[in-house]
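Below is one structure, written out as structure tokens; comments come after it.
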Number of protein chains: 2
Amino acid sequence: MSEPESPPDEAADAIERLYDDPDARIATLQDVRPSAEDIAGQATIFKALGNEDRLRVLDALRDSERCGCELQVVLDAPQSTVSTHLRKLKEAGLVKSRKKGKWSYYRIADTALLDVLDLARAVQEDA
Amino acid sequence: MSEPESPPDEAADAIERLYDDPDARIATLQDVRPSAEDIAGQATIFKALGNEDRLRVLDALRDSERCGCELQVVLDAPQSTVSTHLRKLKEAGLVKSRKKGKWSYYRIADTALLDVLDLARAVQEDA
DNA sequence: TCATCGTATTGTATTTTCTCGATTTGTTTA
DNA sequence: TAAACAAATCGAGAAAATACAATACGATGA
């Protein structure tokens, strides 16, 4: 009675059977993969982008900064909902904000983000 | 006793008070926004990208197609879990697959996706 | 100073997503 | 034909994300 193999080991066996040089094949799988921190950071960004309301906010911020009240109009949603979305965007580092009097103004943190959005649309259209 | 205003109307009032030309301001908010379908499609893509395991899969597919068993090794996760992630990537149009014998091979559907991933990393580093 | 205003936070109910064992499907091989 | 195999699907429980009313906060102005 041998130990039950853990999930990836069975798969490794399958690779053994499938390829002529399985070790080389597995080696390329382990080549210079991004660090766990990189992956986590990317995932945070994409999670923040994976919501229709937040995408609408970012689009509204393309041309200029906007105050919170304007973004409420854009989303047509309760103030607390909008504020929560904005916090999430801030936490992901996608927008920055400044406070003037009782108003908060939001803006895109990095114009590279706009490129990400545009490219994603291109990917979508190809699909 | 007037009707309670719906959420966005209060915000519209705030815009009235804040800006010299509120109507013009609101008009720019309504300018040529992306269609609901565009936004939904983008959100689908970003949701698919908003998961560390799926990002690792895409990274493994950068250089060449891979069979499912190889991707199991990459993720070190049960077969059904890996298969579910792959389905989600396919549904979002980010990967394609071909079947040969009992093996399924996955590949990046559109190289523009790699640009999205690289740009996102740049955004992350700026943040 | 007191009421009002724009915004942020909190608490909770709801919805969505994720995980993974079990089973099924389709293929190859003994 | 039966056994083994890779992969897909199903289903249930767990975890995460979302919506939003209620409330708190900080600034403004009467």
Side-chain angles (χ1 to χ4, degrees), chain A residues 4-19 22 40 43-44 46-57 65-73 75-92 95 97-106, chain B residues 4-19 22 40 43-44 46-57 65-73 75-92 95 97-106:
Chain A
E5 292 189 78
S6 67
D9 290 341
E10 292 179 16
D13 291 346
I15 296 174
E16 296 278 336
R17 282 186 288 269
L18 178 57
Y19 292 105
T44 299
F46 288 129
K47 278 178 195 167
L49 293 175
N51 175 280
E52 299 187 23
D53 278 349
R54 289 193 294 268
L55 289 175
R56 262 184 273 273
V57 165
E65 66 175 14
R66 298 284 185 177
C67 72
C69 54
E70 288 178 284
L71 300 172
Q72 273 181 65
V73 169
L75 293 191
D76 191 11
Q79 184 268 329
S80 65
T81 298
V82 177
S83 184
T84 301
H85 282 312
L86 291 169
R87 178 164 38 141
K88 188 136 193 174
L89 287 171
K90 269 187 79 171
E91 285 171 352
V95 305
S97 69
R98 71 184 173 94
K99 188 119 191 170
K100 174 152 191 193
K102 39 186 171 177
W103 294 277
S104 286
Y105 294 87
Y106 291 85
Chain B
E5 292 188 77
S6 68
D9 291 340
E10 293 179 15
D13 291 346
I15 295 174
E16 296 278 336
R17 281 185 288 270
L18 178 55
Y19 293 106
T44 299
F46 288 129
K47 278 178 194 168
L49 293 175
N51 175 281
E52 299 187 23
D53 278 349
R54 289 192 293 268
L55 289 175
R56 262 185 274 273
V57 165
E65 67 175 13
R66 298 283 185 177
C67 72
C69 55
E70 288 179 284
L71 300 172
Q72 275 180 62
V73 169
L75 294 191
D76 192 11
Q79 185 267 329
S80 65
T81 300
V82 177
S83 184
T84 300
H85 282 313
L86 290 169
R87 175 158 43 124
K88 188 135 195 175
L89 287 171
K90 268 187 79 170
E91 285 171 352
V95 305
S97 68
R98 72 185 172 93
K99 187 120 190 169
K100 174 153 192 191
K102 41 186 171 180
W103 295 276
S104 286
Y105 294 88
Y106 292 86

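Within every chain, numbering begins at 1; the chains are lettered A, B, ... in the order of the sequence lines, protein sequences first and strands thereafter. Note that the coordinates shown come from a computational prediction; the quantities given were computed from them, not determined experimentally.
A sub-4.0 Å separation between OP1 or OP2 of C:dT27 and a side-chain N or O of B:Lys100 is absent. Contact annotation: A:Asn51 side-chain N/O to D:dA17 OP1/OP2 distance is not under 4.0 Å. Phosphate contact (OP1/OP2 of C:dT17, side-chain N/O of B:His85, threshold under 4.0 Å): absent.
Summarising the geometry, the separation between CG on A:Leu49 and P on D:dT18 is reported as 12 Å, rounded to the nearest angstrom. One atom, CD of A:Glu52, and another, C1' of C:dT15, lie 14 Å apart when rounded to the nearest Å. Between the CG atom of A:Leu18 and the C1' atom of C:dT29 there is a distance of 15 Å, rounded to whole Å. Put simply, CD on A:Glu65 is 12 Å from P on C:dT7, counting in whole angstrom units. Atom-to-atom, OH of B:Tyr19 to P of C:dG6 comes out at 12 Å; the value is rounded to the nearest Å. Put simply, CZ on A:Arg66 is 18 Å from C1' on C:dT7, counting in whole angstrom units. Atom CG in A:Asp53 sits roughly 17 Å away from atom P in C:dT15 (whole-Å rounding). Distance CD (B:Glu16) to P (C:dC5): 14 Å, rounded to an integer number of Å.
Side-chain contact check for B:Cys67 versus A:Leu18: some heavy-atom pair is nearer than 4.5 Å. At least one side-chain heavy atom of B:Glu65 sits under 4.5 Å from a side-chain heavy atom of B:Arg98. At least one side-chain heavy atom of A:Ile15 sits under 4.5 Å from a side-chain heavy atom of B:Val73.
Taking every heavy atom of both residues into account, A:Gln72 and A:Gln79 meet most closely at NE2-CG, 3.4 Å.
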Q: Using a 4.0 Å cut-off on protein heavy atoms (strictly under), produce a 5'-to-3' string for nucleotides 6-16 of chain D with B for base contact, S for backbone-only sugar-phosphate contact, and - for none.
A: SBBB-------

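Note that CG of A:Asp53 is 11.0 Å distant from OG1 of A:Thr84, once rounded to the nearest 0.5 Å. Note: A:His85 NE2 to A:Ser80 OG = 9.5 Å, rounded to the nearest 0.5 Å.
The backbone N or O of A:Leu71 lies less than 3.5 Å from no partner atom in the side chain of A:Arg66, so there is not a single donor-acceptor pair.
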